Amino acid sequence: MTISKIPQPFLLLLFLSTILNASLFAQSIEDDISALASKEYPEGGPGVSILVAKNGKPIYKEAFGMASIELNVPMKPDNVFEIGSITKQFTAIAVLMLKEQGKLNLEDDITKYLPDYPTHGNSITIHHLLNHTSGIKSYTDMPSFIQEARTDFTPQELIDTFKNEPMDFEPGEKFRYNNSGYILLGYIIEKASGETYEDFIDNHIFKPLGMSSSYYGSNLEIIMNRASGYQQVEQGFANSNYISMTIPYAAGSLMSTTTDLLKWQNALNSYKLITKASYELAIHGSTLNNGEYIDYGYGLSEMTIQDSQAISHGGGIFGYTTMGIYFPKEDIFVSALSNCSCKNVTGLANKIAAIAIGKPFPNVDDAITLNETQLNKWLGAYQFENDIVRHITLDEGKLYSQREGSTKLPIFPLSENQYLFEDVIYTYDFFEEDGVKKVTFKSPSNTQIGIFTNKLPPAERKTITLTEKEIEPYVGKYELMPGFILTFTKNGNKLFTQATGQPQFEVFPESKDTFFLKVVEAKIIFKKDTQGKITSLDLHQNGVIQNAKKIE
């Protein structure tokens, strides 16, 4: 058989064409990504480092905002961030490495490594810890988490803080995101390997992969190019609250850069650390005891962005929010690391990812004008799973969506059937099937189908308008529990609240002293003394009322 050779000039043309196409692709997305990021992270405030890679090579690498506001140091692409729960994928891969070495089994009961752990008669396996189905109480949901955030713990001492809590459910019955499970995994890694968690990650992952700017987090060590962490306060921004890095441990203690995280993703894609079979376990979901599918694998989760399949995980820790997204089919990786807990970088990362795969999300500027007949076509209530009902209503020529228990939000038509929410990348796609009106509700992490139902819209939760002077008395700090503060600030005649280590949200007045949140089902009632001075508040959430005294 004769094999013909491709002429050398033709090979050169192919090579040059590949380079040119990659260059043009990078140029085409650069302006769009930069415009998005600079709007979210303007000069003078906390910043973000962004990397987009295609075929394992960076095609966009830029930073916005400040790495240090105090020192007036701009953010650089090589700044180091606390990556929060992105740590979990390192922990999960470490477990799979030990599995391949024969040092543990995913079906091992955790009592093999923690003989005195109270399992309440249940069999809790490493698999249950990896995919958040163990039923163990997550220590970050306990009041003691905030109270003890400054305390240094050994792994065993940390486990002792939650091990005697009652189970939330039997293993494998439900999925509930759980930081305690990954604390236990860190301890199991130490027992199985004979090394500390920190040393195992450094010796078997960071060093072999050349991740020279990645670390187990430390508040004491000098870490070159560390980006300072921030939170938002009434006056603008403040340094983030302190947390001992022994607290997040194997659930969220690592630090890295966008460049190092690309090295990590490339190593996963090329099976440098674990086999393809093991990696498939990590990136695909599993089933509960009843056969229900969950999209969380081991330290990584499946998601869909603009109908493209992706693997992702985000992180949030005092002063930082992070996100990493990888598209296997397109071979595109997106990493976005921010040094402020006041902004959730996930939304920005999702938008950048959509641009990178050539399927940018629409925005309100793309909205079209429809006539009244077209707007009336999809009015009504739609029943979704988990007893969620969303109502589509028309008011003064504009369509609104209202989830029961919440307020009306405007939606904007992109076509007669597709509508977009403002500021969030949620869409409605209406259609008719067998004479029944239906709608597909899409978010970056979820797609649900709603079916038309004869249900009248609820009375909307009404808000009132208060003046800036009327808002002023509510401003201050309220202690919900030791070390856990609700800080209220104002901007004009609007009131905002921020819990310790969490993003800031606007609260809306429905009466003089009663406010509510739109992002979650929660109500706040301010309390006054006999002189009319505000002394405390009651937080109503999930059927529980918690009092917080005003301390400043």
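Predicted model, so just to flag it, every value in this text is computed and none were measured.
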Problem - Side-chain H-bond candidate by donor/acceptor type, Tyr230 with Ser341, under 3.5 Å - result: no
Handout entry: Residue pairs, two or more places apart or on separate chains, that pass salt bridge (Lys or Arg N to Asp or Glu O under 4.0 Å) and touch residues 386-397
Key = Asp395-Lys408
Practice task
Any chance you could lay out the side-chain contact (heavy atoms from CB on, under 4.5 Å) test for Val95 and Ile188, step after step, and finish with the verdict?
Solution key: CA-CA 8 Å; Val95 169; Ile188 290 170; 6.0 Å; no
Exercise for the section: Answer yes or no: is there an ion pair linking Glu433 with Lys438, defined by an N-O contact shorter than 4.0 Å? Expected result: yes
Exercise for the section: For Ser253 and Tyr216, work out which heavy atoms get closest and say how close. Expected result: OG-CE1, 3.0 Å
Practice task
Calculate, to the nearest 0.5 Å, the distance between atoms OG1 and CE belonging to Thr275 and Met97 respectively.
Solution key: 11.5 Å
Handout entry: Working for side-chain contact (heavy atoms from CB on, under 4.5 Å), residues Ile93 and Ile274
Key = CA-CA 8 Å; Ile93 298 304; Ile274 55 175; 3.6 Å; yes
Exercise for the section: Say whether Ser415 and Asn417, considering side chains only, have a donor N or O and an acceptor N or O under 3.5 Å apart. Expected result: no
Handout entry: Lys455: partners by salt bridge (Lys or Arg N to Asp or Glu O under 4.0 Å), with sequence neighbours left out
Key = Glu404
Problem - Evaluation steps, side-chain contact (heavy atoms from CB on, under 4.5 Å), between Val48 and Met75 - result: CA-CA 7 Å; Val48 64; Met75 188 70 77; over 6 Å; no
Completion exercise
Of all heavy-atom pairs linking Ile50 and Ala37, the shortest is CD1-CB, 3.5 Å
For residues 330-337, dump all side-chain donor-acceptor pairs below 3.5 Å to protein atoms at least two apart in sequence or in another chain.
residue : atom : partner : partner atom : Å
Glu330  : OE2  : Ser308  : OG           : 2.9
Asp331  : OD1  : Tyr326  : OH           : 2.8

Practice task
Report yes if the side chains of Leu409 and Gln402 come closer than 4.5 Å at any heavy-atom pair, otherwise no.
Solution key: no
Problem - Minimum side-chain heavy-atom gap Leu261-Gln265 below 4.5 Å - result: no
Exercise for the section: Compute the ring centroids of Phe145 and Tyr139, then answer whether they are less than 6.0 Å apart. Expected result: yes
Exercise for the section: Kindly indicate whether the side chain of Thr346, heavy atoms from C-beta on, has any atom under 4.5 Å from the side chain of Thr321. Expected result: no
Exercise for the section: Evaluate the side-chain proximity of Leu414 to Phe412: yes if any heavy-atom separation is below 4.5 Å, no if none is. Expected result: no
Completion exercise
Quick note, ring pair (Phe, Tyr, Trp, His ring centres under 6.0 Å) partners involving residues 277-302, not counting sequence neighbours, are His127-Tyr298, His132-Tyr296, Phe175-Tyr296, Tyr296-His313
Exercise for the section: Could you list the residues that satisfy salt bridge (Lys or Arg N to Asp or Glu O under 4.0 Å) with Lys174, not counting sequence neighbours? Expected result: none
Completion exercise
Value for CD1 (Ile136) from CG (Leu184), rounded to nearest 0.5 Å, stands at 5.0 Å
Fill in the blank from the handout: Taken to the nearest 0.5 Å, the spacing of Lys263 NZ from Ser256 OG works out to 9.0 Å
Practice task
Could you pull out the closest heavy-atom pair between Ile201 and Ala94, with the gap in Å?
Solution key: CD1-CB, 4.2 Å
Exercise for the section: Indicate whether any N or O donor in one side chain lies under 3.5 Å from an N or O acceptor in the other, for Tyr177 and Ser85. Expected result: yes
Practice task
Evaluate the side-chain proximity of Asn79 to Thr257: yes if any heavy-atom separation is below 4.5 Å, no if none is.
Solution key: no
Handout entry: Asp141 bridged to Arg176 by N-O distance under 4.0 Å
Key = no
Handout entry: The single option from Lys329, Lys442, Lys359 passing salt bridge (charged side-chain N to carboxylate O under 4.0 Å, His left out) against Asp307
Key = Lys442
Problem - Gln231 CD to Asn339 CG distance, which is reported to the nearest 0.5 Å - result: 12.5 Å
Handout entry: Tyr197 and Tyr249: CA distance, side-chain angles, deciding distance, ring pair (Phe, Tyr, Trp, His ring centres under 6.0 Å) verdict
Key = CA-CA 8 Å; Tyr197 174 80; Tyr249 183 48; 5.5 Å; yes
Exercise for the section: Report the distance from atom CD1 of Ile317 to atom CG of Leu254, rounding to the nearest 0.5 Å. Expected result: 9.5 Å
Practice task
Using only heavy-atom distances, determine whether the side chains of Lys61 and Thr259 contain a donor-acceptor pair under 3.5 Å.
Solution key: yes
Handout entry: Side-chain (Ser49) to main-chain (Pro77) donor-acceptor, under 3.5 angstrom
Key = yes
Problem - Side chains of Gln448 and Thr440, donor plus acceptor under 3.5 Å - result: no
Handout entry: Any side-chain heavy-atom pair of His128 and Thr125 under 4.5 Å
Key = yes
Practice task
Spell out, as yes or no, whether a donor-acceptor pair under 3.5 Å connects the side chain of Asn491 to the backbone of Lys494.
Solution key: no
Problem - Donor-acceptor side-chain pairing of Glu292 and Thr287 below 3.5 angstrom - result: no
Fill in the blank from the handout: Residues Asn131 and Thr133: closest non-hydrogen pair is OD1-OG1, 2.7 Å
Practice task
For residues Lys99 and Asn105, determine if any side-chain heavy atom of one lies less than 4.5 Å from a side-chain heavy atom of the other.
Solution key: no
Exercise for the section: Measure the acute angle between the ring planes of Phe441 and Phe421, then classify it against the limits of 30° and 60° as parallel, tilted or perpendicular. Expected result: perpendicular
Handout entry: Asp260/Ser213 under side-chain hydrogen bond (donor to acceptor under 3.5 Å, both in side chains): CA gap, chis, key distance, verdict
Key = CA-CA 7 Å; Asp260 270 8; Ser213 296; 4.5 Å; no
Handout entry: Aromatic contact, Phe430 with Tyr419 (centres under 6.0 Å)
Key = yes
Exercise for the section: Measure from the side-chain N and O atoms of Tyr428 to the backbone N and O of Pro413, and report whether any donor-acceptor pair falls under 3.5 Å. Expected result: no
Exercise for the section: Just do the side-chain contact (heavy atoms from CB on, under 4.5 Å) check on Leu129 and Asn178 with the steps written out, would you? Expected result: CA-CA 8 Å; Leu129 302 180; Asn178 187 325; over 6 Å; no
Handout entry: Aromatic ring proximity, centroids under 6.0 angstrom, Phe90 and Trp264
Key = yes
Exercise for the section: With side-chain hydrogen bond (donor to acceptor under 3.5 Å, both in side chains) as the test, would you mind laying out the steps for Lys88 and Thr91 before giving the verdict? Expected result: CA-CA 5 Å; Lys88 289 182 173 67; Thr91 300; over 6 Å; no
Problem - For Ile305 against Ala353, the heavy-atom pair lying closest together - result: CD1-CB, 4.1 Å
Practice task
Would you sort out whether Tyr41 and Ser338 count as a side-chain hydrogen bond (donor to acceptor under 3.5 Å, both in side chains), showing the intermediate values?
Solution key: CA-CA 9 Å; Tyr41 293 89; Ser338 169; 3.2 Å; yes
Practice task
Establish, from distance only, whether the side-chain atoms of Tyr60 and Ser34 form a donor-acceptor pair under 3.5 Å.
Solution key: yes
Practice task
Look up atom CG in Asn289 and atom CZ in Phe169, then write down how far apart they are to the nearest 0.5 Å.
Solution key: 10.0 Å
Exercise for the section: Kindly indicate whether the side chain of Arg403, heavy atoms from C-beta on, has any atom under 4.5 Å from the side chain of Ile388. Expected result: yes
Handout entry: Closest approach of Ile83 to Thr322 (non-hydrogen atoms, all atoms of both residues)
Key = O-OG1, 2.9 Å
Problem - Contacts of type salt bridge (Lys or Arg N to Asp or Glu O under 4.0 Å), residue Lys57, not counting sequence neighbours - result: none
